[in-house]
Amino acid sequence: MDRYEPQQIEPKWQQVWEDERAFYISNPESPERADPNNFYMLEMLPYPSGTLHMGHVLNYTLGDVITHYRRRNGFSVLRPMGFDSFGLPAENAAIRQGGHPRDIIERNIEHIRSEMRRLGWAIDWDREASAHEPEYYRWTQWLFLRFYEAGHAYRKEAPVNWCPKDQTVVANEYVIDGRCERCGTPVEARNMEQWFFRITAYADALLDDHDQLDWPDRTIAIQKNWIGRSEGAEVVFRVEDLDLDLPVFTTRPDTLFGATFFVLAPEHPLVERLAAGTEREADVRKYVRHTAGRSTEERETKEKDGVFTGRYAVNPATGEPIPIWVADYVLMEYGTGAIMAVPAHDERDFAFAERYGLPVVRVVEPADGGADETEGAFSAHTEGERLVNSGEFSGLPAPEGAARIVDWLGSHGRGRPAVSYRLRDWSFSRQRYWGCPIPIIYCDDCGPVPVPDEDLPVLLPEVDDYQPKGKPPLASNEEWLFVPCPRCGTVGRREADTMDTFVDSSWYFLRYCDPHNDQAAFDRSIVDYWMPVDQYVGGIDHATGHLLYSRFFVKVMNELGLVGFREPFARLFHQGWVRQGGAKMSKTRGNVTGPDQLVETHGADAVRSYILFMGPADQDMEWTEEGVEGIARFLRRLWRIVNETATTAPREDLADGALTRKAHATIAKVTDDIGRRFQFNTPISAVMELVNELGRDPSAPDARFAAETAVSLIQPYAPHIAEELWQRLGHERLWEQPWPVADEALLERDTFQLVIQVNGRVRDRLEVPADLPEAELIERAKASPRVQAQLDGKEIRQAIVVPRKLVNLVV
RNA sequence: GCCGGGGUGGCGAAACUGGUCAUACGCGCCUGACUUAAAAUCAGGUGUCUCCUCUGGAGGCGUAAGGGUUCGAGUCCCUUCCCCGGCACCA
């Protein structure tokens with residue numbers, strides 16, 4: 001017998017699959033040809049950062065196992081691949097190395113593609129698409145224009161997170177503890193003219209449609225948390241002197257009588273007007289200027305401070321004037337940028353009141369009577385709490401009081417029920433080079449004018465210097481920058497910001513369905529055929545970014561009539577992190593291990609199987625190469641035993657031999673694990689057990705069936721060796737063989753092992769016929785000498801029989 | 001603080017709806033075979049303690065800790081501890 005040499009057989013079969021176009025799939029030529037059993041398998045597309053690491057290997061092998069499993073269960077499986085090729089890292093690498101981002105990224109893509117082929121993943125490469133290709137971003141721009149026309153993309157001046165090191169705006173999702181996620185520099189708040197997508201308009205739709213999704217609970221919980229819907233009331237406070245109304249949002253209208261002061265965010269547009277003409281004016285200006293220079297981190301950690309404006313607002317409930325302050329613990333981005341402060345029932349307001357000696361009025365009392373006045377804020381909701389010091393509402397239970405106060409406010413035109421969200425609109429403009437240009441031209445006369453569809457794509461221009469200087473690099477190419485206004489023909493100026501790469505990845509799954517379409521982004525009937533994605537696999541780190549943005553995109557496209565569905569990803573699975581040195585493996589952390597070396601020494605099949613064998617795919621795992629040897633050993637064993645069986649074992653079947661039974665049990669187990677339980681480590685164990693048993697008797701009459709079963713079941717994990725052995729067993733094209741089906745009759749045995757317990761403890765086991773009546777089982781149990789020893793003449797009070805399992809005697 | 005996930009051998013981990021002495025499968029380790037030797041390969045062993053008539057056998061204790069439900073709990077309930085992740089000045 002020849003030796004198992006993965007370096008020989010793996011490229012051989014990869015070539016066969018390519019020649020046979022084994023994993024390519026065409027779109028249906030007509031509706032009649034459509035396959036109702038179509039299945040869209042998708043993993044999150046990789047950022048082409050140089051080489052693959054073990055995290056990618058886990059991600060894509062997982063998808064590969066599902067792909068093979070579904071294909072062999074009769075599904076037409078779409079399993080495409082492409083690259084998230086725009087973005088900062090490529091640009092930063094270009095700056096460092098002095099090349100062009102395009103050259104760097106294209107070299108990386110080529111390398112990664114070859115690594116992917118070497119791993120034998122079943123990918124339809126005809127559908128490859130990458131964000132940076134004009135054929136792709138032409139349609140990113142086209143979609144942007146549709147969003148713009150519909151009012152879902154707009155410009156506004158807004159405080160943004162500005163990273164002074166990367167010289168760019170950073171999305172909320174990528175500010176971690178007040179620092180830029182990429183470089184760790186503390187971010188600053190800056191007011192800038194920015195592009196936004198109106199994702200907040202879809203906050204409720206995004207929440208409501210969660211119940212259509214077969215997603216992990218925790219992912220949905222993270223999104224709910226992120227959207228942060230709170231119900232409460234808007235209450236209007238009046239500034240008599242200035243004839244001004246100031247609305248606030250509160251979740252605690254029940255505490256309105258306890259509102260003893262009022263606070264505006266420093267960025268609030270009315271601050272200037274309120275302070276004007278008071279003796280506090282200079283102090284207010286100074287405070288506003290001072291807080292503007294504070295980093296987000298400082299704002300969040302320092303002791304609360306603020307300044308009195310010299311003005312008063314009237315509490316609509318009490319009719320009393322309360323002082324208006326400005327303080328940066330109030331955020332302009334949430335609610336109305338102003339709050340009613342209730343120090344008795346809010347810890348933040350209490351801290352502020354203590355510092356500045358503002359009055360504290362308690363208006364809610366717990367059921368057990370008055371709490372200690374000096375204790376600080378009583379903010380928790382408790383059973384049976386009641387309103388006090390609240391005029392006509394005193395004595396009411398707090399929840400009822402809240403409702404009555406809102407009613408009362410409504411009838412006096414001073415308030416109404418309201419909902420507020422934590423979610424902000426998605427800021428997507430970036431002052432960087434390597435991204436999709438925004439197809440807008442600014443004209444002095446016409447304002448912002450969309451680039452006409454027929455002029456798309458707006459190609460990314462060549463520039464001399466990508467180095468960001470706070471001004472977008474695109475603006476440095478003046479030949480590109482200044483163009484005639486499409487509307488009036490006078491000189492206009494192109495938008496020089498580029499798009500966030502999350503725009504590119506919010507629709508790539510649609511382009512894969514119809515990747516070569518040069519008339520449209522995609523054909524609706526084709527995306528409606530494949531979409532939504534039946535199984536999406538990717539990291540949970542995208543819960544509030546990519547996954548939320550894509551859902552938003554699809555909802556808008558649905559309303560624009562571009563697609564016939566409202567959710568992109570029907571079912572979602574998160575693979576765990578592959579960690580190294582305790583930290584998640586990633587290029588930015590510099591702690592990556594790639595598969596190349598291991599593929600070289602052990603073969604792709606061993607690497608694929610090992611990464612899934614290491615543990616449950618949805619849990620984090622610490623990368624270690626110890627153990628890969630075990631998988632390599634298993635594959636060599638499989639090779640040896642199957643080869644041996646192929647030449648020596650007889651061909652006739654033995655329908656109820658021990659190996660046949662074991663093979664059917666293994667089919668049942670592997671099918672259930674992959675198909676229903678989504679557990680990818682235990683199928684390998686199960687096949688190992690089968691091979692171990694086969695190894696003990698490789699020339700048994702049913703050895704051949706056991707060998708064929710083992711090869712067939714391991715195929716999704718180790719497709720190359722499986723294909724080679726399948727051929728040696730005298731068959732062809734395992735990749736398109738139907739998935740084996742367990743024979744239920746063979747899983748049922750005519751005898752079973754009866755477990756005999758005394759007081760719940762196992763004392764003996766007997767092999768008994770399956771059809772014995774209960775009474776007989778009990779008799780046999782009692783008759784066991786070991787049971788006799790335990791019974792020791794004691795009286796049996798109860799006997800519990802679990803059919804086909806056990807007898808428990810209670811004494 | 002709030003919301004999720006998790007704690008099982010020396011290690012990665014099994015045990016799917018409470019029911020076959022919990023620890024499958026693999027790693028590591030130990031013993032043996034083959035070998036001049038090593039590697040590779042193959043065979044066997046491997047939670048812990050106690051006892052016995054000791055090439056074998058019997059029993060106790062063991063799934064973070066404590067309590068509960070049940071004939072029976074790694075699995076269900078309560079309390080506590082620890083680890084990981086998300087959110088957190090969001091009114």
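FYI, side chains are in, hydrogens and waters are out, and symmetry mates aren't considered; it's all heavy atoms of this structure. Quick note on labels: first sequence line is chain A, next is B, and so on, each numbered from 1.
Between A:F678 and A:F680, the distance separating the two ring centers is shorter than 6.0 angstrom. Aromatic pair A:F261/A:Y356: centroids not less than 6.0 angstrom apart.
For A:W639, the ring pair (Phe, Tyr, Trp, His ring centres under 6.0 Å) criterion is met by A:Y4, not counting sequence neighbours. Partners of A:E231 according to the side-chain contact (heavy atoms from CB on, under 4.5 Å) rule, which considers only residues two or more places apart in sequence or in another chain, are A:R229, A:V419.
Contacts of A:V330 with the nucleic acid, taken as non-hydrogen atoms under 4.0 Å apart, include base atoms. Within 4.0 Å of A:S230, counting heavy atoms only, lie sugar-phosphate atoms of the nucleic acid but no base atom. Residue contacts for A:D349: at a heavy-atom cut-off of 4.0 Å it reaches no nucleic acid atom on any strand shown.
Ion pair A:D305/A:R355 not flagged as a salt bridge, since none of the NZ, NE, NH1 or NH2 atoms sits closer than 4.0 Å to an Asp/Glu carboxylate oxygen. Salt bridge A:D328/A:K302: present, at least one basic N to carboxylate O contact under 4.0 Å.
Taking atom CG of residue A:L694 and atom P of nucleotide B:C42, one finds them 13 Å apart after rounding to whole Å.
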Which letters describe nucleotides 19-28 of chain B, given B = protein heavy atom under 4.0 Å from base, S = only from sugar-phosphate, - = neither?
BBB--BBSSS
How would nucleotides 5-11 of chain B be written as a contact map, 5' to 3', with B for base contact, S for sugar-phosphate-only contact and - for no contact, using protein heavy atoms under 4.0 Å?
-------
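Position along RNA chain B of the nearest nucleotide to A:I339 versus A:D673 favours A:D673 as the more 5'-ward residue.
For RNA chain B, each stem of at least three Watson-Crick or G-U pairs (distances under 3.5 Å) is given as range with range: B:1-7 with B:81-87, B:10-12 with B:25-27, B:28-33 with B:41-46, B:47-52 with B:56-61, B:64-68 with B:76-80.
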Could you list, one pair per line, each protein nitrogen or oxygen that sits under 3.5 Å from a nitrogen or oxygen of nucleotides 59-61 of chain B, together with the distance?
| residue | atom | partner | partner atom | Å |
| --- | --- | --- | --- | --- |
| B:G60 | OP1 | A:R763 | NH2 | 3.2 |
| B:C61 | OP2 | A:R761 | NH2 | 2.9 |

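Atom CD of A:E626 is surrounded by 12 or fewer heavy atoms from other residues, nucleotides or ligands within 6.0 Å.
Nearest to the side chain of A:D672, among B:C16, B:A40, B:A91, sits B:C16.
Within 90° of 0 lies the glycosidic angle of B:G9, which makes this nucleotide syn.
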